[in-house]
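Notes for the one structure printed next.
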Amino acid sequence: MKIWQRLTVCTALLLLALGPACNVLAASISGRSSTEIEWYDDAEGDTAMPAYQYLMLNVRDIDGDGLDFRGYGRLADDFKDEVDIESRLYYAYFEKKDLIEGLNLKFGRQFISTTAGASMMDGLYLDYDNLGPLKLALFGGGDVAYYSGYSADDLMFGGELSGRFFDSLDLGLSYVQKWDNGDLAKELFGLDVDYDFRNVLNLYSEVQFDYLSNSVSYFLGGAKYRPNDKWGLRAEYLYSLPVFSATSIYSVFAVNEYEEVMAELTYRIAVGLHTFARYTREIYPEFADADVFEAGIEKIRTRNFSGYLTGVVREDGDGQDLMGFKARAAYLFNSYVQAGVGLEVDVLDRRIDDEDDETTSSRYWADVTGYITKKINVQAKIERVESDLWDYYNRGRVRLNILF
Amino acid sequence: MIRCLIAVMAVTFAWALPALAVDFDHAEHLTTIEGTDCATCHVEGAQSIVPETTACLQCHDQDFVDTVKMPGLKTHGPVWALNHRPFAKGNTYDCAACHQQSYCMDCHTAGFADEMGDFGNNMINVHRSDFHVTHPIAARTDQQLCSSCHEPNYCSDCHNQFAPADLALDSHRRGWTDGTLDGMHANYTEEQCITCHTSDSVIPSTTGWSHSHAREARKNLATCQACHPQGDICLKCHSATSGLRVNPHPADWSDIDGRLKRASDGKTCRKCH
C-alpha cells in the first residue's frame with residue numbers, strides 16, 4: 001500500500017473511531033484535515049514529491065466537565081525519496097479550565113511563548129488567575145525546540161507573573177531555564193510592559209535579560225499613536241544580541257549587538273483597504289548602517305477582489321542594496337471558485353570577487369481554490385522561481401482541505 | 001441552547017442599538033456574548049475575516065446592518081506579520097481568544113512559511129522572492145527573528161553543499177583555498193609555504209583574514225555556527241593550549257565567565273583550556 005493510501009486510511013480510521021467514542025462521551029469534535037501533495041526540484045536538480053497529511057483536531061468537553069483536547073500534526077513522506085521530509089507533532093495537549101477556581105491546566109505537547117523565551121514543550125502548563133490583579137503561570141517539561149537533537153535531558157522550566165494595573169497598564173515578568181542534555185544551557189528573564197492611554201496612545205516594551213552572559217539580549221521599545229480609526233503611527237527601537245547555549249563553544253565568543261530604529265505609518269482608505277509606509281534604519285557597530293524603505297497597499301477580501309502591492313528599497317553603504325516589489329491579485333468569481341496570481345521581483349547587490357553583482361530573482365505563481373462545499377475545498381498552486389544565480393525551478397502543490 | 005443564545009443576544013443588542021449605530025464595537029460584542037465561540041460570527045471556513053451579513057442578521061435587521069460602520073482592527077494592520085511579537089509575547093492581548101496554536105505554527109516552524117498558510121503568500125513577510133539569494137540580509141539583522149522559526153542546523157542543510165569561496169563572506173574569499181597549489185597558488189612551490197604561512201597555520205600573515213573574519217563573526221556569529229556547528233575550526237586558533245592561542249572572549253569576560261562555567265559544569269571551558 002502506498003504511503004498516501006496509508007495516510008488517508010489512517011486519518012479516516014482515526015476520525016471514524018473518534019466520532020462514535022465522542023458521541024458516547026457527549027464531546028464535540030471539530031478540526032481540519034489537509035491532504036497535500038507537492039513537487040519541486042531540490043538543490044541537486046532532482047524532483048522531490050513529498051506528501052503530507054495534516055490533521056488539526058479539537059475535542060471539546062470530553063468528560064462533560066470542560067476537559068478539552070487540541071492537537072495538530074502531520075504525517076509526511078517523499079514519494080521520490082529525494083528529500084528528508086519529517087512527520088511532525090506540532091502540539092497535542094489536554095486543557096482543563098477551572099480545575100479548581102481560577103486554576104487552568106494544559107498537559108501535553110504545546111507551544112510556550114513568553115518574553116523570556118519560547119519553546120515547543122512536552123509538559124505541564126498551569127496558570128492561576130485568582131490573585132487579584134495578578135496571574136501566575138508555571139510550566140515545565142521536555143524542550144522539543146530542536147527536533148533533531150531532542151533527548152530526555154533537554155528540559156525547560158519557567159514561569160510568568162503578570163497583571164493589569166490602573167485599568168490600562170499591563171506588566172509581565174517571565175523566567176525561562178533551558179537544559180541541553182543535562183547541562184544548563186540558557187537562563188533568561190523577560191519583562192514586558194504595555195500601557196494604553198485612552199485608546200489613542202499605546203506604549204509597549206519588552207526586555208530579555210540573559211543571566212548567563214550577564215547582558216540584555218533583547219530590548220524593544222515602541223509607541224503606537226492611533227488618533228482615529230484611519231491613521232496609525234508607530235515608532236520602535238530594537239536592540240538584539242544573540243544568545244547561544246552555554247554548552248556551545250560559541251557562547252564564549254564576543255558578539256556585536258544589532259540595533260534598529262523604525263517608523264511606520266498606516267492609513268485605512270476604506271473597509272478592508274489599507275496602506276502603509278515604513279522606514280527602518282539598521283545599525284551595525286562595525287559595518288555601514290542600512291536604510292530600508294517599504295510601502296504598500298492591501299485589499300483584504302470583503303467581497304470579490306483581494307490583493308496587494310508592496311515595494312522595498314534597501315540602501316546599504318557596504319554594498320548590499322536591495323530593490324524589490326511584490327504584487328498579488330485574487331478574485332472570487334462565485335461561491336465556488338477563487339483564483340489568483342502573484343509576482344515578486346528582487347534585485348540584490350552582491351559583492352563577488354571585489355566587484356558588485358546585481359542578482360535578479362523572481363517568483364511568480366498562480367493559485368486556485370475550489371469550494372466544493374462550505375466544509376470542503378481544494379487548493380492548487382504552481383509557481384516558478386528564477387534567479388540570475390542559477391536558472392529556475394518549478395514548484396507545485398495540490399491540497400484537499402476538509403473542515404469538520 | 002443556540003436559540004436561547006440568539007434570544008439573549010437579540011435583546012442585548014437591541015438595548016445597545018444606539019451605541020452600535022455609530023460604530024461596530026467588537027469589545028462590546030464580546031462582552032454581550034461572553035463565553036461564546038468566535039465562530040458564532042466568524043464562521044469556520046469563511047472566505048473573509050469580515051463576517052458575512054447573515055451573521056449580523058441573526059440578531060439585527062437589514063436596515064440596521066446597513067448603517068453600521070466597521071472600523072479597522074486596532075491590532076491587525078497591514079504589517080501585523082512584522083510587528084506582532086511584543087503583543088504575542090505580552091499579556092495585553094489574548095491571542096488565544098481568536099487563534100489556536102496552529103495559527104502560530106503555520107509560520108513558526110522551520111520550512112516554507114506558507115506550507116499550511118495562505119496560498120497567496122503574505123503581503124509582508126521576512127522571506128523575499130527567492131530567499132536563497134536574499135536571505136543573507138535577513139540573517140544579519142535580528143538573529144532572534146531567525147531562531148524563532150529555525151534551529152541552527154537548518155542553515156547547514158544548504159550551506160554544507162557550498163565551497164567557502166562561493167559564499168559572500170570577505171574573509172573566506174581572501175584567505176581560503178582547497179589546500180592545493182592551484183589557482184592563486186599556482187606559481188608557488190611547497191617550499192615557499194612557510195614564507196606566508198609563518199605559524200604552521202592555514203592563515204597567511206599577509207592577508208587581512210584575521211581582522212575581517214573577526215568583524216564578520218561578531219556581526220553574526222550564528223552564520224559561523226551554521227557551517228561549523230561544533231566550532232572545531234575556531235578552536236584551531238582560539239584554543240588556550242594550541243594554535244595561535246588567540247583570545248576570543250569579549251572585553252567583559254571576567255564578569256560572565258563564572259556563570260557560563262557553572263552552567264555547563266566546565267565542559268565548555270575544557271574544550272579550550
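Computed from a predicted structure; not experimentally measured.
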Problem - Per-residue contact mode, A/Leu343 against chain B (heavy atom under 4.5 angstrom) - result: neither
Handout entry: Contact origin within A/Leu322 toward chain B - heavy atom pairs under 4.5 Å
Key = side chain
Practice task
Spell out, as yes or no, whether a donor-acceptor pair under 3.5 Å connects the side chain of A/Glu286 to the backbone of B/Arg215.
Solution key: no
Practice task
Go through the atoms of A/Tyr250 and report whether side chain, backbone, both or neither lie under 4.5 Å from a heavy atom of chain B.
Solution key: both
Exercise for the section: May I ask you to name which of A/Thr114, A/Val243, A/Leu389 has the most heavy-atom pairs under 4.5 Å with chain B? Expected result: A/Thr114
Exercise for the section: For B/Lys261, look at atom NZ and say whether over 12 heavy atoms of other residues, nucleotides or ligands are found less than 6.0 Å away. Expected result: no
Problem - Selection from A/Tyr364, A/Trp179, A/Tyr93 maximising heavy-atom pairs under 4.5 Å formed with chain B - result: A/Tyr93
Handout entry: Proximity breakdown for A/Glu264 and chain B, heavy-atom pairs closer than 4.5 Å
Key = side chain
Exercise for the section: Go through the atoms of A/Asp180 and report whether side chain, backbone, both or neither lie under 4.5 Å from a heavy atom of chain B. Expected result: neither
Handout entry: Minimal non-hydrogen separation, B/Lys271 against A/Thr247, with atom names
Key = NZ-O, 3.2 Å
Problem - Salt bridge flag under 4.0 Å for residues A/Glu206 and B/Arg85 - result: yes
Completion exercise
All heavy atoms of B/Leu260 vs all of A/Ala246, minimum pair found to be CD2-CB, 3.8 Å
Exercise for the section: Can you tell which part of A/Phe111 gets under 4.5 Å to a heavy atom of chain B, answering side chain, backbone, both or neither? Expected result: both
Exercise for the section: Let me know if B/Cys272 has heavy atoms under 4.5 Å from chain A in its side chain, its backbone, both or neither. Expected result: side chain
Problem - Winner by heavy-atom pair count (cut-off under 4.5 Å) against chain B, out of A/Glu257, A/Glu160, A/Glu386, A/Lys230 - result: A/Glu160
Practice task
Side chain from CB out, backbone as N, CA, C, O: work out which of these in A/Phe287 comes under 4.5 Å of a heavy atom of chain B, or both, or neither.
Solution key: both
Exercise for the section: Measure A/Tyr258 against the heavy atoms of chain B and call it side chain, backbone, both or neither at under 4.5 Å. Expected result: side chain
Problem - Donor-acceptor contact present, side-chain A/Ser240 to main-chain B/Asp142, <3.5 Å - result: no
Practice task
Measure the spacing between NE2 of A/His274 and CH2 of B/Trp80 and express it to the nearest 0.5 Å.
Solution key: 13.0 Å
Practice task
Sequence neighbours left out, what passes side-chain contact (heavy atoms from CB on, under 4.5 Å) with B/Tyr103? Give chain and number order.
Solution key: B/His99
Exercise for the section: Calculate, to the nearest 0.5 Å, the distance between atoms CZ and CG belonging to B/Arg259 and A/Leu212 respectively. Expected result: 8.0 Å
Exercise for the section: Side chain from CB out, backbone as N, CA, C, O: work out which of these in A/Phe325 comes under 4.5 Å of a heavy atom of chain B, or both, or neither. Expected result: backbone
Practice task
Taking the side chain as every heavy atom from C-beta outward, state whether B/Cys234 and A/Ile249 have any pair of such atoms under 4.5 Å apart.
Solution key: no
Handout entry: Validation row: B/Ile137, A/Leu348 side chains within 4.5 angstrom (heavy atoms)
Key = yes
Handout entry: Leading residue by heavy atom contact count with chain B [cutoff under 4.5 Å; candidates A/Asp194, A/Asp346, A/Leu238]
Key = A/Asp346
Fill in the blank from the handout: Residue from A/Glu294, A/Glu260, A/Gln208 scoring the most non-hydrogen pairs under 4.5 Å with chain B is A/Gln208
Practice task
Considering non-hydrogen atoms only, spot the tightest contact between B/Ile256 and A/Ser213 and give its length.
Solution key: CG2-O, 2.8 Å
Exercise for the section: List the steps and the verdict of side chain to side chain contact (heavy atoms under 4.5 Å, CB included) for A/Phe244 and B/Thr268. Expected result: CA-CA 12 Å; A/Phe244 292 93; B/Thr268 306; over 6 Å; no
Handout entry: Under 4.5 Å from any heavy atom of chain B - which part of A/Val385
Key = side chain
Problem - Electrostatic pair A/Asp192-B/Lys89, nearest N-O below 4.0 angstrom - result: no
Fill in the blank from the handout: Between B/Lys267 and A/Asp183, the two heavy atoms sitting closest are NZ-OD2, 3.0 Å
Exercise for the section: Measure across B/Ser102 and A/Met56 and return the closest heavy-atom pair with its distance rounded to 0.1 Å. Expected result: OG-SD, 3.0 Å
Problem - Top contributor to chain A interface from B/Asn83, B/Thr141, B/Thr134 [non-hydrogen pairs under 4.5 Å] - result: B/Thr141
Exercise for the section: Select one option (side chain, backbone, both, neither) describing which atoms of A/Ser245 are under 4.5 Å from chain B's heavy atoms. Expected result: neither
Handout entry: Proximity breakdown for A/Ser248 and chain B, heavy-atom pairs closer than 4.5 Å
Key = both
Problem - Test item: B/Leu82 and A/Arg278 side chains (from C-beta on) under 4.5 Å apart, heavy atoms - result: yes
Fill in the blank from the handout: Under 4.5 Å to a heavy atom of chain B? For A/Ser113 that would be both
Handout entry: Close side-chain approach of A/Tyr72 to B/Gln101, heavy-atom, < 4.5 Å
Key = no
Practice task
Go through the atoms of A/Glu187 and report whether side chain, backbone, both or neither lie under 4.5 Å from a heavy atom of chain B.
Solution key: neither
Practice task
Output yes when a side-chain donor or acceptor of A/Arg70 lies under 3.5 Å from a complementary backbone atom of B/Gln100, and no otherwise.
Solution key: no
